[in-house]
Structure formats: C-alpha cells, structure tokens
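One structure is given here, and the rest of the page talks about it.
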Amino acid sequence: MFRSLPFRNISGKPGRTAGLLLLSGFLCFFILFGSLVIYGLRSGMASLEARLGADIMVVPYEAATKKDLDGMILQGNPGYFYMDRSVVDKVSSMEGVKQISEQFFLASASSNCCSLAVQLIGFDPKTDFTIQPWVEHTYRGELGYMEILVGSDLNAFAGDVLTFYGSDCRVAARLEKTGTYLDTAVYASEETIKTLITEAKEKKLFNFGDVDPDQIVSCVLVDVADGYSQEDVLNDIKIHVRRTQAVQTRNLISGVSGQLVGVSDVIGGLIVVIWFLALAILALVFAMIARERKKEFAVLRVIGASRGKLAAILLQEALIPGILGSLAGGILAVGLAGTFCQLIESTLGLPFLLPGIPGLLILVLAVTAVSVLTGALASALSAFRISRIDTALILRGEN
Amino acid sequence: MNLRAENITKQFIRKRKGSNVMTAVQDVSLTLPEQGLTLIYGHSGSGKSTLMNMLAGLLAPTSGQVFLDDTDLYKLDDQNLSKLRRDHFGMIPQGQTALHSLTVMENVLLPYALFGKKGREEAETAGAEAYARELLEMTGISDLRDVKPGEMSGGEIRRMAIARALIRKPEFLLADEPTADLDEDNTKIVLDLFQAQADHGKSVLIISHDPTSRAFADTTYLMRDGLLLPE
C-alpha cells in the first residue's frame with residue numbers, strides 16, 4: 001500500500017512537479033545569490049574599513065591622487081611610493097595624534113627574480129596598530145627577519161619559501177580572508193622590506209632612483225586621539241607637513257560605500273520584485289491545480305477526509321517540491337557565488353567577502369525557509385478554499 | 001445501526017434569479033433499515049442526490065435532522081463527522097470519481113491509505129489488500145489493478161468506485177446512479193453485488209432513474225419534486 005498521497009500526486013504529475021521545482025529553485029537561487037552578493041559587498045566593505053584601521057593616511061603628494069589610492073586599496077593593484085622619513089616625526093608631534101605607524105610598500109616584479117608579482121607591505125611591529133590585530137587571528141608569533149605573511153588569495157602556505165628580488169623569504173603564516181586588496185598582498189617587517197628594496201635597487205628593478213631605504217617610508221597611518229576632530233587633525237597635517245597629502249580613510253571609501261549602497265539597493269529591489277512575482281505565479285499555479293482537482297478532493301471528503309486533511313494534503317504537495325527546489329537552488333547559489341566571487345569582485349570593482357561556513361549555513365537556511373514559506377503562503381489560499389469546498393455541489397457537477 | 005432523516009428540507013438560493021429559493025428536498029422523513037436494499041428512483045432534478053448527500057453527512061439540511069442511531073450528524077464538528085463517514089458509510093458518488101495519480105488497486109485502498117500509519121495498520125488487520133483483490137474480481141476489473149484511471153472507460157472507473165466504497169465493509173452503502181455508465185451485463189453484476197451486501201447484513205441505498213434496479217430492491221421510493229413517496 002502506498003504511504004503518502006501527496007508524494008503519489010507529486011510523482012504522478014512529473015511535468016507539474018518539475019515546474020514547481022524549477023520555480024521554487026529559481027526563487028531560492030535568486031534570493032540567496034542576491035543576498036550573498038549584498039552580504040559579500042557589505043562585509044567586504046566592513047572588512048576593508050576594519051583593516052584600514054587608521055583615521056588618516058599620510059602619503060607622498062605625488063602618489064596621493066584618489067585614483068592611485070583607489071587602485072591600490074580597492075582593486076589591489078600593486079604599487080609603491082615613498083617620502084622622506086622625517087614626515088613620521090612631524091606627524092607624530094602634532095596635536096590630536098594618538099598613535100602613528102609607518103608602512104613601506106614595494107611591488108614585486110613578474111620576472112625570474114620573484115616568485116609572485118604582488119604588493120609587499122612592510123610594517124613596524126613595535127608601532128603597528130592596523131595589521132597586527134588582524135594577523136593575530138591566525139599568527140601570534142613574532143615575525144622574524146626574512147619571514148613573511150601571505151594574504152589568503154595567494155597560493156602559498158606556512159613553511160613555503162618565496163623569492164623576492166633574489167632573496168628567499170619563509171612564509172610564517174597565511175592570513176584569514178578579508179575580501180579586500182590585502183588578500184593578495186605579502187606582509188613583512190620593516191627590516192625585511194628594506195632588504196628587499198636594497199635588492200631591487202641592485203638588480204635595477206627599482207624605479208625610484210637612489211633612495212636610502214633607511215630614510216624613507218611609504219605612508220604614515222594616524223589614529224586620532226579621543227576628543228579631537230579628524231577633520232581638524234587632517235587640516236593641521238595638510239598645513240604643516242609639506243609635500244604630503246593626508247587622506248581621511250572614511251572619505252577614501254565613501255565613494256565606494258555609495259556605489260555599494262546603489263548596487264545593494266538594485267539587487268534588494270530585484271529580490272523583492274522576484275519574490276512577489278514568484279508568490280503570484282505560485283499562487284496562480286496552486287489555484288489552477290486546486291480547481292482542476294476539486295472533484296478529486298470531493299472524493300477524499302466522501303471517503304472521510306476532514307477539511308483539515310484536505311488542506312494538509314495540498315500544503316504538503318506545495319511544500320515537498322518547495323523544499324527540494326529551494327535546496328537545489330540554494331546549493332547552486334552558494335556554489336556559483338563561491339566559484340565566481342573573484343569575478344564578482346573584479347566586475348564590480350568592490351571588496352567582496354562571503355560569510356564563513358556557520359554564517360553561510362544560517363543564510364542558506366534562512367533563505368530556504370523564506371522560499372519554502374513562499375510556496376506554503378502561495379498554496380495557503382487554495383488550501384483554504386479546497387477545505388471549504390461544497391462536496392455535494394462538486395459531485396453534482398455544479399461547482 | 002440505524003440511519004434516519006427526520007423532516008429534512010433543503011433549499012437552494014438560485015444565484016441567477018435573485019433571491020428566488022428552490023426547494024430540492026421537502027420535509028422528507030426516511031429510515032434506512034439495518035439490512036436490505038432501498039431504492040429511490042425518480043427523474044433528474046427530483047432531489048434524489050440532494051437527499052443522499054444529506055444522509056451521507058455531506059450537505060447540511062436547511063431544516064430537519066439526520067441521525068445515525070442517536071447521533072445528530074450535523075451537530076458533529078467536521079473532524080467527527082468525517083470520521084463517522086469514514087467508519088460507517090461507503091459512498092459511490094455520481095460521475096467519474098477517481099484519483100488519477102493512483103492505480104486502480106491504490107484507488108480502491110485509498111480509504112485506508114489516506115489515513116497514514118493508522119490507516120495502514122487497520123488495512124493490515126482487516127486484510128484489506130486481499131479483500132480489494134476480491135472486490136476487483138467481483139466487479140470484473142481484476143486485470144486492471146495496476147492501470148491508472150486515465151486508461152479506463154467510464155464504466156470501469158464506476159466499478160472501481162464501487163469497490164472503493166465497499167473496501168471498509170461499511171454498514172451503509174450509498175450509491176448515486178451506480179449503474180449509469182454500465183452495460184446490461186455489468187449492471188446486473190453490480191446490482192447482484194449490492195444485493196449480496198444487503199443479504200449479508202448491510203443497508204444499501206441506491207439512487208437511480210434506471211428502472212432495472214427496482215427488481216433488486218427490498219424497499220422502493222419515488223422522489224418527485226422534492227417529495228419522497230413510498231411505493
């Protein structure tokens with residue numbers, strides 16, 4: 001004897017079931033994929049904000065056009081620029097500056113001397129307040145001379161040896177993903193970067209002329225003290241530290257934030273439209289199914305099915321393909337988002353960070369639930385109508 | 001058990017004619033015997049099917065009451081009325097009443113299978129599958145047991161509905177035009193089957209405009225313009 005009438009009805013009508021599966025799958029796929037894109041962009045931006053970590057960046061005047069910084073920070077284009085080290089002391093002595101830390105940038109070459117063409121970032125472990133809090137998530141040791149940390153997008157792991165300008169550097173750890181340019185960079189101590197700059201100079205692969213690595217920095221990161229306005233400190237730096245440009249990191253990403261809001265709004269709007277469309281189509285489909293099969297439901301009443309039983313049968317017939325279709329759509333959405341996250345990032349030109357496994361599971365379950373509930377909601381009216389059918393009139397062919 | 005209607009009337013509002021009221025059944029009292037075959041015949045539109053639906057607990061009368069022993073059917077809630085129908089009535093409605101996603105055998109066993117694990121346990125205890133095969137044999141469609149209704153004729157589907165109505169061995173068998181799609185031979189087979197049920201202690205009510213049935217009936221009524229007239 002068969003076990004479940006809804007299952008038999010579903011398997012007995014493969015065309016109708018395939019349509020419901022596709023519709024539920026499409027709904028779940030679109031909502032989840034759209035949500036993942038929005039989530040990825042928002043958390044990418046939050047990650048970028050967190051990783052920039054400083055209130056103000058002071059960089060050489062020549063390299064301070066917003067386009068250069070955007071290219072480095074948002075798209076991860078390797079680059080380097082330098083200014084005199086005296087800037088560090090000047091900035092640190094200014095009123096309202098709580099702490100500062102200098103960084104050194106160097107782009108490795110794509111020739112034989114280097115394993116990878118990446119952005120190399122040097123920091124001073126004694127003063128750094130932006131990179132180390134993040135590094136500590138995966139690496140708590142002290143970064144030694146000629147040791148490096150690699151971003152999560154680079155194909156290198158702890159213990160590997162990478163060569164930059166002919167010098168071997170040992171990978172101490174691979175950092176956790178941020179969804180930003182930092183994932184494609186390599187991090188080293190100030191001393192290591194200075195050695196690499198010297199090596200680059202000797203190999204004539206360094207385009208900044210005859211600079212002394214001990215007398216230069218690439219940027220100074222400033223943390224503004226409580227009670228001081230970032231704008232005031234910024235203006236002071238602009239006035240008193242010559243041949244530099246000070247940039248508020250908040251402003252650096254404000255344009256991108258606006259773009260992000262725009263993209264999120266469009267995707268969010270599309271999700272709402274698709275949801276309403278799917279709800280309407282599903283409701284119509286279930287209404288048609290219920291109408292087409294009202295005599296079958298009348299027969300069930302005759303053999304003793306209660307009104308609640310009829311409603312439950314129709315709801316189950318909606319829920320089963322809804323759950324299966326939504327799960328398939330959800331898996332497809334996660335698979336595609338995971339596979340093409342780099343493409344999404346480069347196409348939109350924005351930081352992109354997918355949630356970790358627990359977050360992803362919660363999102364998948366939540367969206368699947370929304371998709372399944374949409375099917376249930378769409379069938380609810382038909383289920384209610386079916387439960388109120390006038391069996392006698394249907395059997396007489398008058399309804 | 002005793003199924004009786006006391007002064008039941010059913011009126012319908014004619015939708016197309018404003019508030020005009022159409023009386024389908026008028027002040028009918030009827031007691032179905034615990035055993036025997038009762039026939040109600042009459043022309044189309046005389047109120048036969050409306051009366052049967054009211055007796056089956058499917059259509060509440062405008063006035064009057066229907067009792068199964070001391071239970072007033074229309075004072076029960078839907079859950080209990082449905083259970084009562086399932087436990088005591090076997091009904092053969094008019095027309096084609098098959099579930100098209102199920103085979104003939106599954107359609108016949110539906111009154112058990114519809115109710116999940118409990119229904120399956122009841123079927124097991126009652127030996128329902130063997131009885132279903134027997135019924136298919138008796139109605140002459142045993143070779144169609146694995147066929148779906150879409151491949152069957154109207155008469156075959158009608159015989160399947162009869163087997164389905166009998167599967168739970170109900171005390172009351174209510175059949176609305178059970179021989180409508182059947183040829184002479186099959187009509188006789190079905191009426192013999194109903195008579196055998198009546199002879200084995202069941203109460204069978206046949207609604208029909210087919211005079212052939214009269215020869216099989218223990219009690220006959222004529223329905224005319226909503227009134228039930230004994231013959």
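Here is the naming used below: chain letters follow the sequence lines, and residue numbers restart at 1 for every chain.
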Partner chain A: residue of B:Thr50, B:Leu110, B:Leu99, B:Leu109 with the largest heavy-atom pair count (under 4.5 Å): B:Leu99
Audit row: B:Arg85, A:Arg301, side-chain contact (heavy atoms from CB on, under 4.5 Å) steps and yes/no: CA-CA 9 Å; B:Arg85 202 159 47 236; A:Arg301 284 288 281 161; 3.8 Å; yes
Per-residue contact mode, B:Arg168 against chain A (heavy atom under 4.5 angstrom): neither
Neighbour count >12 (heavy atoms, 6.0 Å) for atom CZ, A:Arg16: yes
Enclosure of B:Asp225 CG (heavy-atom neighbours >12, cutoff 6.0 Å): no
Structural part of A:Ile313 lying under 4.5 Å from a heavy atom of chain B: side chain
Nearest-0.5 Å distance that lies between atom OG in B:Ser101 and atom CG in A:Leu5: 6.0 Å
Top contributor to chain B interface from A:Gly304, A:Ser4, A:Gly12 [non-hydrogen pairs under 4.5 Å]: A:Gly304
Engaged part of B:Glu129 at the chain A interface, taking heavy atoms whose separation is under 4.5 Å: side chain
Contact summary for A:Leu393 and B:Phe12, nearest pair of heavy atoms: CD2-CE2, 4.3 Å
Closest approach of B:Gln96 to A:Lys295 (non-hydrogen atoms, all atoms of both residues): O-CE, 3.4 Å
Atom pair CD/NZ of B:Gln79 and A:Lys309 - distance to nearest 0.5 Å: 9.5 Å
Heavy-atom pairs under 4.5 Å with chain A, option from B:Arg120, B:Met91, B:Glu124 with the top count: B:Arg120
Residue, of B:Leu84, B:Asp176, B:Leu58, B:Leu114, that accumulates the most heavy atom pairs under 4.5 Å with chain A: B:Leu114
B:Ala56, part contacting chain A, at a heavy-atom distance under 4.5 Å: neither
Pair B:Asp77 + A:Arg307, salt bridge at N-O below 4.0 Å: no
Segment of A:Val299 engaging chain B (4.5 angstrom heavy-atom cut-off): side chain
Neighbour count above 12 (heavy atom, 6.0 Å) for A:Met288 CE: no
Whether over 12 other heavy atoms sit under 6.0 Å from A:Lys177 NZ: yes
Top of B:Asp78, B:Leu59, B:Thr103 for chain A proximity - count of heavy-atom pairs under 4.5 angstrom: B:Asp78
Part of B:Phe89 lying under 4.5 Å from any heavy atom of chain A: neither
A:Asn155 CG: over 12 foreign heavy atoms closer than 6.0 Å: no
Closest non-hydrogen atom pair between B:Ser82 and A:Ala305, with its separation: OG-O, 3.6 Å
Contacting region of B:Ala165 [heavy-atom separation from chain A under 4.5 Å]: neither
Heavy-atom pairs under 4.5 Å with chain A, option from B:His100, B:Met52, B:Met54, B:Lys83 with the top count: B:His100
